[in-house]
Participant: 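Let me begin by handing over the structure; questions about it come next.
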Number of protein chains: 2
Amino acid sequence: MKFGGTSVANLERIRAVAEKVRKQVDAGCEVAVVVSAMSGVTNRLVGYCQDLSALHDPREYDSVVATGEQVTSGLLAIALQALGVDARSWLGWQIPLRTDDAHGKARIESIDGTALIASMQAGQVPVIAGFQGVDRDNRITTLGRGGSDTSAVALAAALHADRCDIYTDVDGIYTTDPRIVAKARKLDKITYEEMLELASVGAKVLQTRSVELAMKERVRVQVLSSFTDGPAPSEGHLPGSIVVDEDEIVEKELVAGIAYSRDEAKISVRRVPDRPGIAAAVFGPLAEANVNVDMIVQSTGDDGMTNITFTVGKTDFAQAIKALEESRDVIHYGELATDDDVVKISVVGVGMRSHTGVANTMFRTLSERNINVQVISTSEIKVSVLIAAEYTELAVRALHAAYGLDAA
Amino acid sequence: MKFGGTSVANLERIRAVAEKVRKQVDAGCEVAVVVSAMSGVTNRLVGYCQDLSALHDPREYDSVVATGEQVTSGLLAIALQALGVDARSWLGWQIPLRTDDAHGKARIESIDGTALIASMQAGQVPVIAGFQGVDRDNRITTLGRGGSDTSAVALAAALHADRCDIYTDVDGIYTTDPRIVAKARKLDKITYEEMLELASVGAKVLQTRSVELAMKERVRVQVLSSFTDGPAPSEGHLPGSIVVDEDEIVEKELVAGIAYSRDEAKISVRRVPDRPGIAAAVFGPLAEANVNVDMIVQSTGDDGMTNITFTVGKTDFAQAIKALEESRDVIHYGELATDDDVVKISVVGVGMRSHTGVANTMFRTLSERNINVQVISTSEIKVSVLIAAEYTELAVRALHAAYGLDAA
């Protein structure tokens with residue numbers, strides 16, 4: 001059971017979390033718990049470090065910010081004991097949960113589950129501080145923002161857990177954003193691959209790295225709300241959405257969900273000589289400036305000139321333009337056209353692998369609403385298009401209906 | 001260099017502390033720093049634990065409250081680096097600083113100074129989280145409130161430091177409380193024994209345990225202000241008060257200081273049969289109730305009955321009365337008389353060992369002011385009397401003058 005920052009925001013909620021854990025224990029489950037910092041705490045500690053030095057030592061930063069989870073783990077252990085549940089807190093270095101030394105964004109290298117398993121077999125609930133580990137030099141590391149999800153999945157793998165339940169402020173994964181489509185449906189099951197595509201295009205329920213890890217380690221992850229009481233826990237009817245292997249889903253939907261991302265900006269490099277190596281000439285300076293490029297399309301005219309259009313993250317937009325302007329004499333382009341008033345809409349589903357026509361339905365649906373598609377990119381289980389931002393809601397609603405995702 | 005909670009209360013003060021450390025480093029000193037939690041933080045964390053459970057697990061309490069010092073050590077390391085001083089934070093378990101498993105009030109068993117000394121020899125300033133250690137089970141322990149002073153003294157011993165400087169919100173040890181006696185003088189030097197007597201009777205500058213440890217390990221401790229800049233550091237003219245071995249003080253004053261403690265309450269057990277073992281009958285129930293008894297006087301009448309009068313701490317007062325009332329049938333006393341409107345005044349000085357008349361000067365001075373002495377107790381270097389609380393200021397001022405302590 002993993003509880004995020006809003007679930008443990010104050011003592012009252014920590015008591016409520018303890019009740020949830022006790023319910024599982026009373027139902028006969030062996031439970032390990034992973035906790036985040038009380039909401040707001042990490043931001044305050046990060047602010048302290050930044051205030052003292054913009055270029056602060058990441059090892060000191062890690063030692064400072066890891067205290068947030070340390071506090072919550074101790075407090076939840078106390079709250080559980082107050083309910084008569086045997087519990088104790090565990091810090092990264094006590095387990096130990098070993099990571100590399102990339103402080104601030106460390107990767108887990110190994111987890112020694114021996115002590116935790118012994119504790120659980122003795123009837124104790126381990127309450128583990130998420131987000132943190134320890135490196136080879138015995139210094140505290142952290143896994144990057146949202147890293148507690150990754151902690152939970154990695155621990156579930158190390159403890160051979162039947163399931164990793166991620167308690168959040170939403171009650172599951174939806175076919176699309178319910179704030180845009182009132183008829184969005186909660187998915188009972190979704191595959192790792194679909195979840196990865198949905199997570200990376202804007203449905204920020206689970207940290208991407210945690211889903212990658214769950215897929216690699218085959219950990220069944222359930223997303224559910226810590227604020228509502230679902231039905232009694234049993235495999236038959238799980239209250240949330242479970243992320244599982246494709247094999248576990250018998251009735252595969254053609255499309256699992258519609259995602260959108262406002263974090264896109266478009267750049268067109270126009271009238272470039274259409275010669276071999278021109279793509280490298282354009283994207284080389286961007287790579288050097290550490291700018292990630294997402295969707296790419298190239299259109300060639302009759303005059304031996306070509307246009308290269310692509311998208312970058314909004315935070316990289318200014319940096320990308322600067323890099324291209326500085327390379328104008330190398331690339332020899334006619335002009336730069338830029339637009340950050342765009343949105344990326346994605347249709348995601350493993351069913352696409354065996355069914356044709358998914359992309360076509362998308363284009364037809366958008367065309368019927370007179371929505372111009374600016375860039376297209378596809379993967380095995382996803383079709384994404386870039387459109388003007390003003391059409392976001394219209395496009396998402398139309399596609400949600402077109403793929404039969406609307407709730408009855 | 002040890003900095004208490006008010007010295008690191010916010011980022012601005014942490015920066016000021018970093019400047020103080022840099023000054024020492026620039027003067028060619030090898031420095032290790034010990035820090036407390038930012039003021040207010042420990043109280044908040046203690047409050048969380050108590051709120052969740054009055055009988056909280058002290059191991060979890062320790063893990064929670066130790067985060068306060070962890071945050072400060074990381075932040076000060078960052079602040080030092082920002083000034084160009086090579087620095088790193090150290091937690092109790094990283095050193096390791098080993099303690100027993102008496103969580104919440106653990107005692108230091110050993111400090112492995114190897115890593116810290118290597119770090120200092122490489123030109124780095126260790127910034128050590130005070131108040132904390134680790135027990136045999138690899139769980140975090142804390143040393144009890146004010147324990148950072150003890151951490152600092154123990155580390156000074158382990159690192160063979162020339163001196164342990166305790167930075168506080170006062171600029172030294174005074175002959176008495178300057179709020180009562182305007183002419184109180186700052187002492188340049190004071191012996192461990194005198195400091196212990198002063199600390200335990202109400203001059204709360206240093207934690208008693210830290211002074212005991214300093215005496216045992218012969219660590220020279222300086223108390224000085226973190227808010228004022230004294231003269232440049234040199235052995236010739238230290239800015240604060242230094243606590244040292246008696247041998248280091250050439251010109252011994254007869255009396256070092258006058259202390260007072262309002263934390264006293266008086267109990268008289270009246271008309272007790274004067275038979276062997278009666279003291280044990282009275283004090284046995286108090287020991288069983290964990291009540292510490294301080295001053296004791298017994299006065300016997302002609303009728304084969306005796307009165308036993310003693311003092312206890314104000315927090316134990318109700319508990320002590322209850323224990324005695326429950327034992328009335330065993331002790332067979334006539335009545336209990338109680339009074340918590342009393343104060344203990346103490347005259348302290350190693351010079352008393354070789355000079356007579358100190359006690360006499362005290363009694364005469366009080367008598368001249370018509371102050372009635374209710375109970376007397378003496379040690380080798382201290383004379384204490386219990387008087388009515390309303391005379392506190394009058395008595396302290398009169399004694400301060402009588403022993404020639406008033407500043408010119």
Side-chain angles (χ1 to χ4, degrees), chain A residues 8 10-12 14-15 17-18 37-38 41 44-45 47-84 86-91 93-96 103 115 127 129 134 137-140, chain B residues 8 10-12 14-15 17-18 37-38 41 44-45 47-84 86-91 93-96 103 115 127 129 134 137-140:
Chain A
V8 293
N10 53 46
L11 298 185
E12 188 192 340
I14 288 175
R15 282 194 197 93
V17 163
M38 296 162 82
V41 168
R44 191 177 71 235
L45 296 170
Y48 286 165
C49 294
Q50 284 172 342
D51 194 325
L52 286 172
S53 170
L55 294 169
H56 47 261
D57 185 339
R59 294 165 299 190
E60 301 303 344
Y61 166 95
D62 279 354
S63 187
V64 169
V65 300
T67 58
E69 283 72 16
Q70 180 169 335
V71 167
T72 319
S73 64
L75 294 181
L76 181 55
I78 289 172
L80 282 166
Q81 292 176 5
L83 294 179
D86 186 10
R88 80 154 270 198
S89 64
W90 291 85
L91 305 174
W93 60 271
Q94 290 173 324
I95 294 173
H103 284 271
V127 182
V134 64
D137 294 332
N138 249 0
R139 300 200 68 172
I140 294 172
Chain B
V8 292
N10 52 46
L11 297 185
E12 189 192 340
I14 288 174
R15 281 194 198 94
V17 163
M38 295 161 83
V41 168
R44 190 177 73 234
L45 295 170
Y48 286 164
C49 294
Q50 284 171 343
D51 194 324
L52 286 172
S53 170
L55 295 168
H56 47 260
D57 185 340
R59 294 166 297 190
E60 301 303 345
Y61 166 95
D62 278 353
S63 187
V64 170
V65 300
T67 59
E69 283 72 15
Q70 181 169 333
V71 168
T72 319
S73 64
L75 294 182
L76 181 55
I78 290 172
L80 282 166
Q81 291 176 6
L83 294 179
D86 186 11
R88 79 154 270 196
S89 65
W90 291 86
L91 305 174
W93 59 271
Q94 289 174 325
I95 295 175
H103 283 271
V127 183
V134 63
D137 295 332
N138 249 358
R139 300 200 68 172
I140 294 172

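To find a chain, count down the sequence lines: A is the first, B the second, and so on, and within it residues start at 1. The figures that follow rest on heavy atoms only: side chains count, while hydrogens, waters and symmetry mates do not.
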Participant: If you tally heavy-atom pairs under 4.5 Å against chain A, which of B/Arg59, B/Gln70, B/Gln94 wins?
Facilitator: B/Gln70
Participant: Check this for me: does any side-chain nitrogen of one of B/Arg88 and A/Asp137 sit under 4.0 Å from a carboxylate oxygen of the other?
Facilitator: no
Participant: Heavy-atom cut-off 4.5 Å, strictly under: side chain, backbone, both or neither for B/Ala129 against chain A?
Facilitator: neither
Participant: Taking it one step at a time, do B/Val134 and A/Trp93 satisfy side chain to side chain contact (heavy atoms under 4.5 Å, CB included)?
Facilitator: CA-CA 12 Å; B/Val134 63; A/Trp93 60 271; 4.2 Å; yes
Participant: Do B/Leu76 and A/Leu52 have side chains that approach each other closer than 4.5 Å (heavy atoms only, starting at C-beta)?
Facilitator: no
Participant: Only pairs of heavy atoms separated by less than 4.5 Å count here; which of B/Leu45, B/Leu91, B/Asn10, B/Leu75 has the most with chain A?
Facilitator: B/Leu75
Participant: Check whether A/Val65 gets within reach of chain B through its side chain, its backbone, both or neither, counting any heavy atom under 4.5 Å.
Facilitator: neither
Participant: Residues in side chain to side chain donor-acceptor pair (under 3.5 Å) with A/Thr72, at least two apart?
Facilitator: none
Participant: Would you check if B/Met38 and A/Tyr48 make a side-chain contact, meaning some heavy-atom pair closer than 4.5 Å?
Facilitator: yes
Participant: At what distance, to the nearest 0.5 angstrom, does CG of B/Leu80 lie from OG of A/Ser53?
Facilitator: 11.5 Å
Participant: Relative to chain B, which of A/Val127, A/Ile14, A/Ile78, A/Asp62 shows the most heavy atom pairs under 4.5 Å?
Facilitator: A/Ile78
Participant: With a 4.5 angstrom heavy-atom cut-off, which part of A/Leu55 approaches chain B: side chain, backbone, both or neither?
Facilitator: neither
Participant: For residues A/Glu60 and B/Ser73, determine if any side-chain heavy atom of one lies less than 4.5 Å from a side-chain heavy atom of the other.
Facilitator: no
Participant: Nearest heavy-atom pair of B/Val64 and A/Val71: which atoms, and what distance?
Facilitator: CG2-O, 3.7 Å
Participant: If you tally heavy-atom pairs under 4.5 Å against chain B, which of A/Ala82, A/Ala87, A/Ser63 wins?
Facilitator: A/Ser63
